[in-house]
Amino acid sequence: MATTYQGSSEALQDLFIVGLRNAHALEKQALSIMTPQVARIENYPEMAERLRAHIEETNGQLTRLDELLADLDTSGSTLKDLGLSLTGGMAAMSHSIAGDEILKDTFANYAFENFEIAAYKSLIAMAEHGGFGSATPALQETLREEQAMAQWIDEALPSITRRYADLYAQEGSFEAKI
């Protein structure tokens, strides 16, 4: 039986469910982007370590979203999950053929984290507006994790860029290893 939230209309609940399903698919896409990156990183151990940690966080985010959706007597959208996972995998593949893959991945990861931040801020506003306040703590936890990852990338970008430039100078080509 679906949880009925006091003060929420059926339309707002439907809208909230769509938002949760979109977030679920977004997290699946994040995994399909980060997992191949971690497998390929050789010269940036700090990036690989942080991505591994964020993959674990992302799995926890999916669990929280599954619980929120189950509270509403529904689940994630298999079609959305599959579609965004495929898109994420293709994005990761397209960067892997570039000599400056680590830079492109870092730029894309920073943009993606900020997209997720916006999505969770919107979901939190929707939860508060629609009477789904019990969902807010789980969404806020995820928002904090996404903000921490975006901040880490922001702070690490200069050192990653310098490391790439040093490898490029040593090898004399764009084929500096990721």
Side-chain angles (χ1 to χ4, degrees), residues 1-5 8-41 47-48 50-96 101 104-154:
M1 177 85 185
T3 301
T4 303
Y5 291 91
S8 67
S9 72
E10 189 175 323
L12 288 177
Q13 184 165 320
D14 290 346
L15 182 61
F16 188 57
I17 288 169
V18 168
L20 291 172
R21 285 179 173 162
N22 289 342
H24 194 276
L26 195 58
E27 297 304 345
K28 290 283 192 172
Q29 182 180 22
L31 289 175
S32 72
I33 292 170
M34 292 185 293
T35 302
Q37 288 177 2
V38 168
R40 293 183 45 77
I41 293 176
M47 175 64 96
R50 187 60 181 100
L51 283 173
R52 277 192 284 278
H54 196 56
I55 286 169
E56 289 303 312
E57 288 174 340
T58 302
N59 285 319
Q61 293 164 5
L62 282 166
T63 298
R64 287 192 292 274
L65 287 166
D66 285 336
E67 290 168 357
L68 292 174
L69 287 163
D71 285 348
L72 295 164
D73 200 26
T74 190
S75 62
S77 167
T78 303
L79 185 60
K80 283 182 183 181
D81 286 355
L82 180 61
L84 287 181
S85 289
L86 288 173
T87 304
M90 287 188 299
M93 262 187 4
S94 71
H95 292 173
S96 71
E101 176 182 359
K104 285 183 174 66
D105 284 349
T106 304
F107 303 159
N109 289 348
Y110 186 66
F112 196 85
E113 291 303 322
N114 281 284
F115 186 88
E116 288 178 303
I117 289 166
Y120 283 102
K121 285 182 176 184
S122 179
L123 269 173
I124 290 166
M126 195 179 311
E128 292 169 349
H129 180 71
F132 309 103
S134 64
T136 303
L139 297 171
Q140 287 174 332
E141 182 177 356
T142 296
L143 175 61
R144 285 189 298 273
E145 291 168 349
E146 301 299 1
Q147 289 170 324
M149 183 63 178
Q151 181 179 350
W152 185 90
I153 295 169
D154 185 51

To the nearest 0.5 Å, what is the distance between CG on L123 and CG on L65? 8.0 Å
d(E116 CD, T58 OG1) to nearest 0.5 Å is 6.5 Å
Student check: side-chain heavy atoms of E57 and E141 closer than 4.5 Å: no
Are any of the side-chain heavy atoms of F112 and Q29 separated by less than 4.5 Å? yes
Between L68 and L139, is any pair of side-chain heavy atoms under 4.5 Å apart? yes
Flag the pair V18 / R21 as yes when at least one side-chain heavy-atom distance between them is below 4.5 Å, and no otherwise. no
Exam field: side chain S122 to backbone A118, donor-acceptor pair closer than 3.5 Å: no
The residue among T106, I55, N109 that forms side chain to side chain contact (heavy atoms under 4.5 Å, CB included) with Q37 is N109
Can you give me the closest heavy-atom contact between E113 and A150, atom names plus distance? CB-CB, 3.8 Å
Heavy-atom nearest pair, T136 first then A127, reads OG1-CB, 3.8 Å
Flag side-chain contact, heavy atom, 4.5 Å: L31 against N59: yes
Are side-chain heavy atoms of L51 and M149 found at a separation under 4.5 Å? yes
Lys/Arg N to Asp/Glu carboxylate O, R64 vs E145, below 4.0 Å: yes
Any non-hydrogen side-chain atom of H54 less than 4.5 Å from a side-chain atom of E146? yes
Student check: side-chain heavy atoms of L72 and L20 closer than 4.5 Å: yes
Give a yes or no on whether the backbone of S32 and the side-chain of T35 come within a donor-acceptor separation of less than 3.5 Å. no
If every non-hydrogen atom of F132 is compared with every non-hydrogen atom of M126, which pair is closest and at what distance? CD1-O, 4.0 Å
